[in-house]
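Both ligands and their constituent atoms are indexed starting at 1 by order of listing.
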Amino acid sequence: MQLEIKDLSKTYPNGVRALNGVSLTIGTGMFGLLGPNGAGKSSLMRTIATLQLPDSGTIRFGEIDVQTQPDDLRRVLGYLPQEFGFYPNLSAEVTLDHFATMKGVVDSGQRKALVASLLNQTNLHQARKKHVGTFSGGMKQRLGIAVALAGSPKLLIVDEPTAGLDPTERHRFLNLLAEIGQDIVVILSTHIVEDVRELCNAMAIINRGQVVVAGDPREIVEALRGKLWRKFVAKADLTAVKAAHHVISTTLLAGAPVVHVYAEQNPGEGFAAIEPDLEDVYFHQLELAGLAEAA
Ligand code: ADP
């Protein structure tokens, strides 16, 4: 199954153009949709999930035309939105049982087996009798995934799932997604570069409603090889360095500023070549997009 998004645009009534000609082809596996806050990720996710209509463009999932056959899409869709609520006084087990019923699993024996398998898969078996209101952020996210999986989706959309999780919970959650993502189409929307680097075999970066780069993360990173340079600079020199070079990021290492510079050749004294990583790509692409806009 493949998700085919063509030339999707959406302007909200307040005049904000959230999507501006987005085209993407997304196959089986983990797809990372990376972009800063306000880039249009949620707008795209909600449109794919049939929660809102675009102004123009098309979305197909296999044989399904998402706009004209929303019910068909919903049957194969699992969606974990950014914000979701559970009844705090219900246990995880009862919550899942409830959702499985809503998904049409009416046979009680079948439902019991499904709930048990979902609890195991999301590592919530031990906590199955606990009230959901007492769950940590990570446990809630895993329960959200269990709910999304209750309908055996072929397309799973998760919107910013790792925001607010501590490192252990985040890893557990990403590992869970990686397991699920082997057989179905999973779209992970995130502003965290690490999420994509660790997990996704395909990705796109979006900024201001437009796709700025899409493809295999390894190839996208490789394209920067030989063009990235690093230099430690004194704080007082930072402005001059930025004026003289194409600085894509400034970070601190043990309190000292380090600039990453994009250049076809060694930009000069004190610069050392560095291995590009996905974060460099991200900052470089966002900067290019910003420059294009300013031009
Ligand atoms: P992201 O998920 O990447 O943070 P969003 O899709 O939420 O981006 O938002 C893209 C832009 O559209 C932002 O400028 C946001 O303020 C605006 N926006 C999102 N939803 C609405 C809405 N329902 N009405 C008006 N503007 C919206």
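Sorted by chain then number, the residues whose non-hydrogen atoms approach ligand 1 to under 4.0 Å are Y12, N14, V16, A18, P36, N37, G38, A39, G40, K41, S42, S43, R46.
A salt bridge links R225 with E275: at least one charged nitrogen is closer than 4.0 Å to a carboxylate oxygen.
Listed by chain and residue number, Y87, V94, T95 satisfy the side-chain contact (heavy atoms from CB on, under 4.5 Å) test with L90 (two or more places apart in sequence, or in another chain).
With a 4.5 Å cut-off on side-chain heavy atoms, D195 and L34 do not count as touching.
If you chain together hydrophobic residues whose side chains sit under 4.5 Å apart, L3 and L77 fall into the same group.
Considering R111, K129, K112 in turn, K129 is the only one that fulfils the salt bridge (Lys or Arg N to Asp or Glu O under 4.0 Å) rule with E93.
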Apply the test side-chain contact (heavy atoms from CB on, under 4.5 Å) to residues D71 and R75: give CA-CA distance (whole Å), side-chain angles for both, the deciding distance (0.1 Å), then the verdict.
CA-CA 6 Å; D71 289 339; R75 248 173 250 131; 4.1 Å; yes
